[in-house]
Amino acid sequence: FGPDKPSFIDQIIQRARENETVTAVADKFSSPTYTIDVANWLRLAWENEAQGILHLCNDGACSWQEWAQYAIDVCRDSGIPLKAVHVGKLSLTDMKNFVARRPVSTVLSTAKFTARTGVQPRHWRDAVADYISAHVSKT
C-alpha cells in the first residue's frame, strides 16, 4: 500500500465512509507493506551490497480482516468520520471473484534483510498509521 495508487486500505476506508457494514477475508494472512518503506529498504540493501533474495515487507503478520480493522480504528482515532465501526469476517472460499488460487499465508521473513543491513523493518501497524496520517483526508 502507498500513495501512488488506491490500495486495499483505501478501498476499506472508502467502503467504511459509505457503508455501516464492511467485510474482509479473515483466513488469509500476509505481511502488509508500505511502499515508502520498501523504497528506503531498497536503498539500504543497495548501499550494503546485500545479495540474494531478500523479502522486503513491514514486520508482523495479520489477516486481511485484522488489517482492515486496524485501518478503521486508526481513522476513528484520528477523527476521520466513518459509518462502519467493525470489519466483518469473510472466508477466502467466499471470494468468488478470485479466479486464481491463492495461498492462505503469504507472510514473509525479513531476517536475511536485517542480518545484511542491520535494519529491522518497522511493524505494519506503524506503517498503516503513518500512511493514514499522511494520505487519508479527514473529509
Side-chain angles (χ1 to χ4, degrees):
F1 64 95
D4 297 331
K5 67 178 186 169
S7 66
F8 174 72
I9 290 178
D10 300 304
Q11 293 170 10
I12 288 295
I13 293 169
Q14 187 60 41
R15 284 189 227 150
R17 287 180 193 259
E18 298 171 355
N19 305 291
E20 292 181 9
T21 304
V22 176
T23 58
V25 175
D27 57 354
K28 179 169 176 25
F29 301 86
S30 62
S31 304
T33 306
Y34 189 19
T35 58
I36 301 296
D37 290 344
V38 171
N40 291 324
W41 299 327
L42 284 169
R43 182 184 45 77
L44 283 170
W46 176 263
E47 289 171 355
N48 286 280
E49 298 180 9
Q51 301 205 3
I53 296 172
L54 302 174
H55 293 165
L56 301 177
C57 59
N58 289 102
D59 190 40
C62 62
S63 73
W64 286 58
Q65 180 199 20
E66 291 171 299
W67 187 12
Q69 184 64 59
Y70 186 71
I72 285 177
D73 293 344
V74 169
C75 285
R76 289 204 165 280
D77 291 346
S78 301
I80 297 170
L82 304 175
K83 290 182 180 178
V85 175
H86 178 72
V87 177
K89 294 180 180 182
L90 280 177
S91 173
L92 190 57
T93 59
D94 295 332
M95 302 302 295
K96 304 301 181 202
N97 58 338
F98 281 179
V99 177
R101 290 175 38 123
R102 288 171 169 76
V104 173
S105 179
T106 55
V107 176
L108 302 174
S109 169
T110 58
K112 192 186 298 184
F113 171 78
T114 299
R116 294 185 179 164
T117 64
V119 173
Q120 172 67 42
R122 66 179 170 160
H123 199 273
W124 67 267
R125 288 179 182 259
D126 297 329
V128 166
D130 281 356
Y131 173 75
I132 290 171
S133 174
H135 300 288
V136 176
S137 170
K138 292 191 178 194
T139 58

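The structure displayed is predicted, hence computed values, not measured ones.
- Contact annotation: the side chain of Val119 approaches that of Phe113 to within less than 4.5 Å [non-hydrogen atoms, C-beta and beyond].
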### Task
Go through the steps for Gln120 and Asp59 under the test side-chain contact (heavy atoms from CB on, under 4.5 Å), then give the verdict.
CA-CA 8 Å; Gln120 172 67 42; Asp59 190 40; 3.4 Å; yes
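- Smallest separation of non-hydrogen atoms from Ala84 and Thr21: CB-N, 4.5 Å.
- In this structure the side chain of Trp64 never reaches within 4.5 angstrom of the side chain of Phe29, judged on heavy atoms.
- In the displayed structure, Lys89 atom NZ is contacted under 6.0 Å by at most 12 heavy atoms of other residues, nucleotides or ligands.
- Between the CZ atom in Arg15 and the CD1 atom in Ile72 there is a gap of 9.5 Å [rounded to 0.5 Å].
- A heavy-atom distance below 4.5 Å is not found between the side chains of Pro32 and Asn58.
- Remark: aromatic rings of Phe8 and Phe1 are distant, center separation not under 6.0 Å.
- Taken from CD1 in Ile80 to CD1 in Ile13, the straight-line distance is 6.5 Å, to the nearest 0.5 Å.
- Checked by atom type, the side-chain pair Ser7/Asp10 shows a donor-acceptor distance below 3.5 Å.
- By the 4.0 Å N-to-carboxylate-O rule, Asp37 lies close enough to Arg122 to be salt-bridged with it.
- Annotation: side-chain contact (heavy atoms from CB on, under 4.5 Å) contacts of Glu18 (sequence neighbours excluded): Gln14.
- Counting only distance, with no hydrogens or angles, the side chain of Thr114 and the backbone of Thr110 share a donor-acceptor pair below 3.5 Å.
- Considering NZ of Lys83 and CZ of Arg17, their distance stands at 11.5 Å, rounded to 0.5 Å.
- When atom types are taken as modelled, the side chain of Gln65 and the backbone of Val87 share a donor-acceptor pair closer than 3.5 angstrom.
- Closest of all the heavy-atom pairs between Leu44 and Asn48 is O-ND2, 2.7 Å.
- Counting non-hydrogen atoms of neighbouring residues, nucleotides and ligands closer than 6.0 angstrom, the CD atom of Glu49 reaches no more than 12 such neighbours.
- Taking every heavy atom of both residues into account, Leu92 and Asp27 meet most closely at N-OD1, 2.7 Å.
- Ile9 has its side chain within reach of Trp67: a pair of non-hydrogen atoms, C-beta onward, lies under 4.5 Å apart.
- Between Lys28 and Thr106 there is a side-chain heavy-atom pair separated by less than 4.5 Å.
- Checked by atom type and distance alone, the side chain of Asp94 pairs as donor or acceptor with a backbone atom of Ser91 at under 3.5 Å.
- Counting heavy atoms from C-beta on, the side chains of Cys62 and Tyr70 never come closer than 4.5 Å.
- Using a 4.5 Å heavy-atom threshold, the side chains of Ile36 and Pro3 count as touching.
- From Asp126, atom CG reaches atom OH of Tyr34 across 12.0 Å, with rounding to the nearest 0.5 Å.
- Closest heavy-atom contact between Val74 and Ala129: CG1-CA, 4.0 Å.
- Here the CG atom belonging to Leu108 is positioned 5.0 Å from the OG atom belonging to Ser31, to the nearest 0.5 angstrom.
- The shortest side-chain heavy-atom distance between Arg76 and Val85 falls under the 4.5 Å cut-off.
- The NE2 atom of His55 sits 11.0 Å away from the OG1 atom of Thr33 when rounded to the nearest 0.5 Å.
- A pairwise comparison of heavy atoms in Thr35 and Gly2 identifies OG1-CA, 3.3 Å as the closest pair.
- Scanning both residues, Pro121 and Trp41, for their nearest heavy atoms gives CB-CZ2, 3.4 Å.
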